[in-house]
Amino acid sequence: MKKIAIYPGSFDPITNGHIDLIKRASKLFDTVIIGITQNSKKPSFLTIDDRLKGAKDALTDIHTIKVMSFDTLLVDFAKTQNAQIILRGLRAVSDFEYEFQLSGMNKHLNPHIETLFMTPAEQYANISSSLVREILSLGGDISSFVPTNIEALLKEKI
Ligand code: ADP
């Protein structure tokens, strides 16, 4: 059976931290699906099309990934994709409480899907999409936090 993992998130924008995790995960699974949440109630900085294109363009060198959007329950999306694993990233202890709760809820909703946590390389542990947006809005240099196509896309947007 092929091992398929879903890595869900807003990816608003995708950062070097996300990419580090995806590269590590793609060595462990046959396919990693980057599932970008399309939540009309949660406003995003980038449109869903920009987030999809941005992630696809940033990951062209990894051939075992797919980039998709979804607007359903995560466990339902995982089931439609035949994924057995939900992958989430842990940067610091502060991520733990929310992630623990989320994985518990998802396990309750579908006990057949496991959540796995991975940590990024140390140099990426402080990167978050929200901090990247904040630094960008204040005119700071974001080039070490995001790939070049995303830096260009973000600069276009402000
Ligand atoms: P969400 O809005 O669902 O938290 P994000 O796009 O912010 O979506 O993050 C998706 C996942 O990636 C989450 O599990 C988050 O903890 C993880 N993540 C975010 N930034 C990093 C990073 N720098 N290193 C490793 N994992 C990260």
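Note that ligands are numbered from 1 as they come in the structure, with each ligand's atoms numbered from 1 the same way. Excluded from the calculations below are hydrogen atoms, water molecules and symmetry mates; all remaining heavy atoms, backbone and side chain alike, are included.
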Using the ring-ring contact (aromatic ring centres under 6.0 Å, His included) rule, collect all pairs that involve residues 47-99, keeping only residues at least two apart or in two chains.
F70-F77, F96-F100
Partners of D57 by side-chain hydrogen bond (donor to acceptor under 3.5 Å, both in side chains), sequence neighbours excluded?
K53
Show which atoms of ligand 1 fall inside a sub-4.0 Å distance from at least one heavy-atom site of E99.
13 (C), 14 (O), 16 (O)
Quick note on ligand 1: atoms under 4.0 Å from a heavy atom of G9 include exactly 3 (O), 6 (O), 8 (O), 10 (C)
What protein heavy atom is closest to atom 19 (C) of ligand 1, reported as residue, atom name and distance in Å?
H18 NE2, 3.4 Å
Proximity winner for atom 1 (P) of ligand 1, if only heavy atoms of S10, S128, A121, G89 are counted
S10
What is the closest protein heavy atom to atom 3 (O) of ligand 1, and at what distance does it sit?
R88 NH1, 3.2 Å
I'd like to check S103 versus R88 (side-chain heavy atoms, cut-off strictly below 4.5 Å). Are they in contact?
no
What protein heavy atom sits nearest atom 24 (N) of ligand 1, and how far off is it?
P120 CG, 3.2 Å
Would you indicate whether N126, at its atom CG, is surrounded by more than 12 heavy atoms from other residues, nucleotides or ligands within a distance under 6.0 Å?
no
Shortest protein contact, atom 10 (C) of ligand 1 (heavy atom only):
P8 O, 3.6 Å
Identify which of I127, I34, L21 has a heavy atom lying nearest to atom 23 (N) of ligand 1.
I127
Does any N or O in the side chain of S129 come within less than 3.5 Å of the main-chain N or O of F11, such that one atom is a donor and the other an acceptor?
no
Let me see the working for S143 and D141 under side chain to side chain donor-acceptor pair (under 3.5 Å), right down to the final yes or no.
CA-CA 6 Å; S143 59; D141 179 9; 2.7 Å; yes
Could you tell me, atom by atom, which parts of ligand 1 come under 4.0 Å of a heavy atom of F11?
6 (O)
Could you list the atoms of ligand 1 found under 4.0 angstrom from a heavy atom of G17?
22 (C), 23 (N), 24 (N)
When you measure from the side chain of Q84 to the backbone of I4, do you find a donor-acceptor pair of N or O atoms at a distance under 3.5 Å?
yes
Quick check: does D12 get an N/O under 3.5 Å from an N/O on ligand 1?
no
Are any of the N/O atoms on Y7, whether in the backbone or the side chain, positioned under 3.5 angstrom from an N/O atom of ligand 1?
yes
If hydrophobic clusters are built by linking Ile, Leu, Val, Met, Phe, Trp and Tyr wherever their side-chain heavy atoms come under 4.5 Å apart, do L102 and L109 end up in the same one?
no
Give a yes or no answer on whether the side chain of R51 reaches the backbone of S69 with a donor-acceptor pair at less than 3.5 Å.
no
Do me a favour and list the nearest non-hydrogen protein atom to atom 21 (C) of ligand 1 with residue, atom name and distance?
R91 CD, 3.4 Å
